[in-house]
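Notes follow the structure.
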Amino acid sequence: MHPLIETRGLSRHFPSGDGVVKALDGVDVTIHPGEFVAAMGPSGSGKSTFLNLVGCLDQPTQGTYRLAGEEVGSLSPERLAEVRGERIGFVFQSFHLLPREDALANVMMPMMYRGIPPRLRRERAEMALERVGLRERMRHTPSQLSGGQQQRVAIARALVCGPELILADEPTGALDSRTGLEIMALFQALNRAGVSILCVTHDADVAAFAGRTLRFRDGRLVDDDRHLPVDAAAMAGVPFA
Ligand code: ADP
Ligand code: MG
């Protein structure tokens, strides 16, 4: 089986004045299907740049990136968007929900341009909301939901097209610690069901729920450590088995 993510010499340099900013500089990493990986490092160390490259939102200036065996560095913007839509779901710190749309419409959104009939879109969105425990709230708009519930809607939206990989940038950063635990328990349950996860965090307590931690500094990968994950559901006392 191909690695899910394989980067060699992955670099993203930005021109700046008369020099360059090496936001990411020569990163070699291999992540296999089924892994739950945390990416840590101080502010400005290149975590978001790495996530954007892995998520096919940006292209490297040097190096190679294979996603499930496919070299994505040379793809057209159209094909890149297709790959992203087929394989990857995104979760952000600030949820990025459409404020005027209810949870169901938010979760249906990624299917809009994919030629899926409306009835099937709705069924799949309801199933995704069920998976995150929010089916009864599908008619609520974001302002009628708590922060944790909004993040669940965002996770349902990330799941609805059946991605192999979820990329999360500080997914608990806007939540209180108890709610953050519940979100991490949900990620762990999804991971046990086979979804690979790459989660950027500055919080070592959050990284402890992953099985592997990458540490970035000055655009370089300086540490890659596998560890036994702490069970978030047990810590939160919530029933995600
Ligand atoms: P982190 O997410 O770890 O805080 P980033 O990946 O956002 O770090 O940024 C890494 C470095 O690259 C920082 O010095 C940042 O200022 C720089 N950088 C990121 N994006 C750009 C850009 N579009 N143009 C110029 N510099 C950038
Ligand atoms: Mg960042």
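Worth saying up front: this structure is predicted, and the values here are computed from it rather than measured. Counting convention: from 1, in listed order, for ligands and their atoms alike.
Under 3.5 Å, the side chains of Glu182 and Thr179 contain no donor-acceptor pair of N or O atoms. Side chain to side chain, Thr30 and His32 fail the donor-acceptor criterion of an N or O pair below 3.5 Å. Side chains of Thr213 and His227: a donor on one and an acceptor on the other come within 3.5 Å.
None of Arg135, Arg137, Arg124 except one satisfies the salt bridge (Lys or Arg N to Asp or Glu O under 4.0 Å) rule with Glu130; the exception is Arg135.
Nearest protein heavy-atom contact of atom 8 (O) of ligand 1 is Gly46 N, 3.2 Å. Residue, atom and distance of the protein heavy atom nearest to atom 12 (O) of ligand 1 are Ala23 CB, 3.1 Å. Looking at atom 11 (C) of ligand 1, its nearest protein heavy atom turns out to be Gly44 O, 3.6 Å. Of the protein's heavy atoms, Ser48 CB, 3.8 Å lies nearest to atom 7 (O) of ligand 1. For atom 6 (O) of ligand 1, the nearest non-hydrogen atom of the protein is Thr49 OG1, 2.6 Å. For atom 17 (C) of ligand 1, the closest heavy atom belonging to the protein is Val21 CG1, 3.8 Å. Taking atom 27 (C) of ligand 1 as the reference point, the nearest protein heavy-atom neighbour is Phe14 CD1, 3.4 Å.
Taking CZ of Arg87 as the reference point, atom CG of Leu4 lies at 8.0 Å (rounded to 0.5 Å). If you take CZ on Arg212 and CG on Leu198, they are separated by 9.5 Å, rounding to the nearest 0.5 Å.
Of all atoms in ligand 1, listed by their number and element, those nearer than 4.0 Å to a heavy atom of Ser45 are 1 (P), 3 (O), 8 (O). In the vicinity of Pro42, heavy-atom distances shorter than 4.0 Å reach the ligand 1 atoms 3 (O).
Ring geometry for Phe36 against Phe187 counts as perpendicular: the plane angle is over 60°, on a 0 to 90° scale with 30° as the lower cut.
The Mg ion (ligand 2) has Ser48 among its coordinating residues (N/O/S atom, backbone or side chain, under 2.8 Å).
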Audit row: Phe50, Leu221, side chain to side chain contact (heavy atoms under 4.5 Å, CB included) steps and yes/no: CA-CA 10 Å; Phe50 178 67; Leu221 181 61; over 6 Å; no

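Put simply, atom 15 (C) of ligand 1 has no protein non-hydrogen atoms near it, under 4.0 Å away.
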